[in-house]
Amino acid sequence: MFNLILFGPPGSGKGTQSEKLIEKFGLIHLSTGDLLRKEIANQTQLGLEAKSFMDKGQLVPDEVVIGMIGSALDANPAAKGFLFDGFPRTTAQAEALDTLLTGKGSEISLVLALEVGEEELVARLLNRGKTSSRSDDRDENVIRQRLEEYRKKTAIVADHYAKFNKVSKVKGEGSIDEIFGSLAAEIDKKRA
Ligand code: ADP
């Protein structure tokens with residue numbers, strides 16, 4: 001299996017690039033943000049609980065997202081590989097993911113870290129908020145809180161994988177196709 005983590009702050013383009021990467025490399029896309037929004041749309045208990053955190057720009061508790069990812073892995077036994085988008089977001093999530101993959105005789109192959117400046121991130125998210133149905137993109141305070149959570153809890157997740165030499169940094173500013181080209185080149189290097 002080829003298992004990829006697309007890493008980076010909110011607004012760095014993970015969703016956009018994920019769509020292109022899964023198509024080119026035949027991976028299954030696992031976005032915890034999308035999975036949580038589906039739970040909210042279906043008005044499940046899990047969705048109701050998660051919504052209160054998401055509306056404030058806070059991370060949803062680890063056990064909730066780890067459980068969701070565990071079920072998604074089990075639901076796709078024949079996968080060639082997975083693309084994790086928006087997960088893991090804490091060191092505890094990273095360790096849990098390693099354990100889940102080890103249990104399936106696999107591991108993370110590569111972490112691609114998108115780098116985008118903070119003011120550019122805020123501008124992109126506010127812009128997305130004008131047209132998307134996502135309420136967490138419409139309020140600048142919620143956006144700043146998400147970036148704060150990223151700095152405090154998520155940025156260090158890259159260090160966890162850097163210990164195993166699995167992280168490649170990619171400039172996340174430029175055209176969508178340019179950035180996609182850089183990401184794809186890193187994957188090709190790793191698979192060669
Ligand atoms: P973005 O990265 O642009 O903020 P996402 O769709 O990835 O958007 O996440 C939206 C919200 O969902 C986050 O602010 C957080 O509340 C919650 N969330 C998503 N993934 C996780 C995760 N792995 N751990 C905890 N909370 C998460």
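In this chain, residues are counted from 1 in sequence order. Order of appearance sets the numbers: ligands from 1, and atoms from 1 within every ligand.
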S.K.: Taking salt bridge (Lys or Arg N to Asp or Glu O under 4.0 Å) as the cut-off, I'd like each qualifying pair that reaches into residues 175-185, sequence neighbours left out, listed once.
M.R.: K20-D177
S.K.: In terms of side-chain geometry, is the basic nitrogen of E120 or R124 positioned less than 4.0 Å from the acidic oxygen of its partner?
M.R.: yes
S.K.: Checking salt bridge (Lys or Arg N to Asp or Glu O under 4.0 Å) between D136 and each of R146, R144, K51, which is the one that passes?
M.R.: R146
S.K.: Please determine if R89 forms a cation-pi arrangement with Y150, meaning its NZ or CZ atom is less than 6.0 Å from the six-membered ring centre and no more than 45° off the ring axis.
M.R.: no
S.K.: Name all residues meeting the side-chain contact (heavy atoms from CB on, under 4.5 Å) criterion together with D98; count only those two or more places apart in sequence or in a different chain, and write none if there are none.
M.R.: I108, H160, Y161
S.K.: Between ligand 1 and the protein, which N/O pairs fall short of 3.5 Å?
M.R.:
from: ligand 1; atom 1: 2 (O); to: R89; atom 2: NH2; distance (Å): 2.9
from: ligand 1; atom 1: 3 (O); to: R128; atom 2: NH2; distance (Å): 3.3
from: ligand 1; atom 1: 3 (O); to: R146; atom 2: NH2; distance (Å): 3.3
from: ligand 1; atom 1: 4 (O); to: R146; atom 2: NE; distance (Å): 3.1
from: ligand 1; atom 1: 4 (O); to: R146; atom 2: NH2; distance (Å): 3.1
from: ligand 1; atom 1: 6 (O); to: R37; atom 2: NH1; distance (Å): 2.9
from: ligand 1; atom 1: 6 (O); to: R37; atom 2: NH2; distance (Å): 2.9
from: ligand 1; atom 1: 6 (O); to: R134; atom 2: NH1; distance (Å): 3.4
from: ligand 1; atom 1: 7 (O); to: R89; atom 2: NH1; distance (Å): 3.1
from: ligand 1; atom 1: 8 (O); to: R134; atom 2: NH2; distance (Å): 3.1
from: ligand 1; atom 1: 16 (O); to: Q58; atom 2: O; distance (Å): 2.6
from: ligand 1; atom 1: 20 (N); to: T32; atom 2: OG1; distance (Å): 2.8
from: ligand 1; atom 1: 20 (N); to: G86; atom 2: O; distance (Å): 3.4
from: ligand 1; atom 1: 20 (N); to: R89; atom 2: NH1; distance (Å): 3.2
from: ligand 1; atom 1: 23 (N); to: T32; atom 2: OG1; distance (Å): 3.4
from: ligand 1; atom 1: 23 (N); to: G86; atom 2: O; distance (Å): 3.0
from: ligand 1; atom 1: 23 (N); to: Q93; atom 2: OE1; distance (Å): 3.0
from: ligand 1; atom 1: 24 (N); to: Q93; atom 2: NE2; distance (Å): 2.9
from: ligand 1; atom 1: 26 (N); to: V60; atom 2: N; distance (Å): 3.0

S.K.: Using the side-chain contact (heavy atoms from CB on, under 4.5 Å) criterion, which residues pair with V170? Sequence neighbours excluded.
M.R.: L112, L114, S182, L183, E186
